[in-house]
Amino acid sequence: MIKDKIRQLIFEDSERTSVGILVLCEETNKVLLLKRNVDPHKGKWSILSGGVDKGESKMTALKREIMEEIKVNADDKLNITYQYSEGDNFYFYWGFTNSEFKCKLDEENGEYGWFSADELPSPLYPKTREKIEELCQKNKS
């Protein structure tokens, strides 16, 4: 399928800037995770993430990815804070919501769920557990 080939080329492009967000429900202290449905990360649970298109700001890209992947308007549901970058190509954000919301997934994701830090699904995308522990610890302080 042409769309899968294009997506594969994008994921293989290590120079492409990407954004990701870990969403925490403050009411339940659970995080939103997505189970990837496309290679190379098929079957792994991860944060919501995607690429920044040419000429697009990182925040615009993040909000677009949120709408594309889970059909949620970030401005209505999330308080987003920038955390840090990992190298020059990945920008990581935290998102906070008052209550768990339902997601309508696109073809990139097969499942979603709200999980507490001590009941995470498996397998997790690398570094996901560390990001969740950091966020939950920060939220307790």
Side-chain angles (χ1 to χ4, degrees), residues 1-117 119-141:
M1 188 174 197
I2 293 174
K3 190 173 182 180
D4 290 333
K5 286 288 185 191
I6 292 170
R7 185 173 283 118
Q8 184 177 7
L9 291 172
I10 290 169
F11 279 119
E12 290 174 356
D13 181 4
S14 62
E15 299 301 314
R16 185 163 193 230
T17 299
S18 297
V19 291
I21 186 166
L22 178 58
V23 177
L24 175 74
C25 175
E26 294 179 296
E27 181 181 291
T28 62
N29 207 38
K30 291 183 178 182
V31 295
L32 175 66
L33 295 177
L34 306 173
K35 189 173 187 181
R36 294 299 184 184
N37 208 25
V38 293
D39 290 329
H41 309 296
K42 187 173 185 169
K44 293 181 182 166
W45 290 88
S46 69
I47 65 173
L48 192 152
S49 62
V52 178
D53 292 338
K54 188 174 182 171
E56 190 176 40
S57 74
K58 291 172 206 60
M59 184 58 73
T60 298
L62 183 65
K63 289 178 180 181
R64 175 184 48 76
E65 288 291 340
I66 292 168
M67 180 58 75
E68 285 177 4
E69 291 193 17
I70 63 173
K71 308 296 185 265
V72 167
N73 183 327
D75 291 329
D76 292 342
K77 295 282 187 185
L78 301 173
N79 177 14
I80 299 173
T81 61
Y82 172 70
Q83 291 308 301
Y84 53 82
S85 64
E86 294 179 353
D88 294 331
N89 298 329
F90 187 79
Y91 294 83
F92 179 66
Y93 295 81
W94 284 345
F96 299 92
T97 183
N98 293 327
S99 59
E100 294 176 17
F101 50 81
K102 293 183 179 185
C103 301
K104 184 176 179 188
L105 301 176
D106 68 355
E107 72 280 351
E108 290 184 38
N109 302 290
E111 297 177 51
Y112 79 93
W114 292 91
F115 302 94
S116 62
E119 295 179 345
L120 296 174
S122 182
L124 287 173
Y125 184 79
K127 298 186 181 181
T128 302
R129 183 176 305 280
E130 291 85 357
K131 286 179 171 48
I132 293 168
E133 289 171 356
E134 178 185 356
L135 176 58
C136 290
Q137 185 64 34
K138 179 76 172 172
N139 197 48
K140 288 180 183 177
S141 349

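What you see is a predicted model, and the numbers here were worked out from it, not measured in a lab.
Using a 4.5 Å heavy-atom threshold, the side chains of Ile70 and Leu32 count as touching. Residues Arg36 and Ser49 are in side-chain contact: their nearest non-hydrogen atoms beyond the backbone lie under 4.5 Å apart. With contacts defined as side-chain heavy-atom distances shorter than 4.5 Å, the pair Arg16/Asn89 does not qualify.
For residues 62-85, the pairs satisfying ring pair (Phe, Tyr, Trp, His ring centres under 6.0 Å) are Tyr82-Tyr93, Tyr84-Phe92, with sequence neighbours left out. Pairs passing the salt bridge (charged side-chain N to carboxylate O under 4.0 Å, His left out) check and including a residue from residues 74-83, sequence neighbours excluded, read Lys63-Asp75. Among pairs with a residue in residues 85-102, those fulfilling salt bridge (charged side-chain N to carboxylate O under 4.0 Å, His left out) read Glu86-Lys131, at least two apart in sequence or across chains.
Residues meeting the ring pair (Phe, Tyr, Trp, His ring centres under 6.0 Å) test with Tyr125, sequence neighbours left out: His41. In terms of the side chain to side chain donor-acceptor pair (under 3.5 Å) criterion, Asn37 has no residue partners (sequence neighbours excluded). Partners of Lys44 according to the salt bridge (charged side-chain N to carboxylate O under 4.0 Å, His left out) rule, which considers only residues two or more places apart in sequence or in another chain, do not exist here.
Minimum heavy-atom separation, Ser57 to Val52: O-CG1, 4.2 Å. In terms of heavy atoms, Glu69 sits closest to Leu48 at OE1-CG, 3.7 Å. Across all their heavy atoms, Gly51 and Ala61 have their closest contact at O-CB, 4.2 Å.
More than 12 heavy atoms of other residues, nucleotides or ligands sit less than 6.0 Å from atom CG of Asp53. For NZ of Lys42, the number of neighbouring non-hydrogen atoms (other residues, nucleotides, ligands) closer than 6.0 Å is 12 at most.
Note that CG of Leu22 is 7.5 Å distant from SG of Cys136, once rounded to the nearest 0.5 Å. Expressed to the nearest 0.5 Å, how far NZ of Lys127 lies from CD of Glu134 amounts to 11.5 Å. With values rounded to the nearest 0.5 angstrom, Leu124 atom CG is found 9.0 Å from Ser46 atom OG. Within the model, atoms CD1 of Ile21 and CD of Gln83 stand 10.0 Å from one another, a figure rounded to the nearest 0.5 Å. We find the CD-CD distance between Glu107 and Glu68 to be 9.0 Å, quoted to the nearest 0.5 Å. Atom CG of Leu24 and atom CG of Asn79 lie 11.0 Å apart (nearest 0.5 Å).
None of Trp114, Tyr112, Trp45 except one satisfies the side-chain contact (heavy atoms from CB on, under 4.5 Å) rule with Leu33; the exception is Trp45.
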Report task. Test side chain to side chain contact (heavy atoms under 4.5 Å, CB included) on Lys104 and Val72 and set out the steps. Result -> CA-CA 8 Å; Lys104 184 176 179 188; Val72 167; over 6 Å; no
Report task. Would you sort out whether Ile66 and Ile80 count as a side chain to side chain contact (heavy atoms under 4.5 Å, CB included), showing the intermediate values? Result -> CA-CA 12 Å; Ile66 292 168; Ile80 299 173; 4.3 Å; yes
Query raised in the report: Run the side chain to side chain contact (heavy atoms under 4.5 Å, CB included) check on Ile47 and Trp94 step by step: do they pass?
Result: CA-CA 10 Å; Ile47 65 173; Trp94 284 345; over 6 Å; no
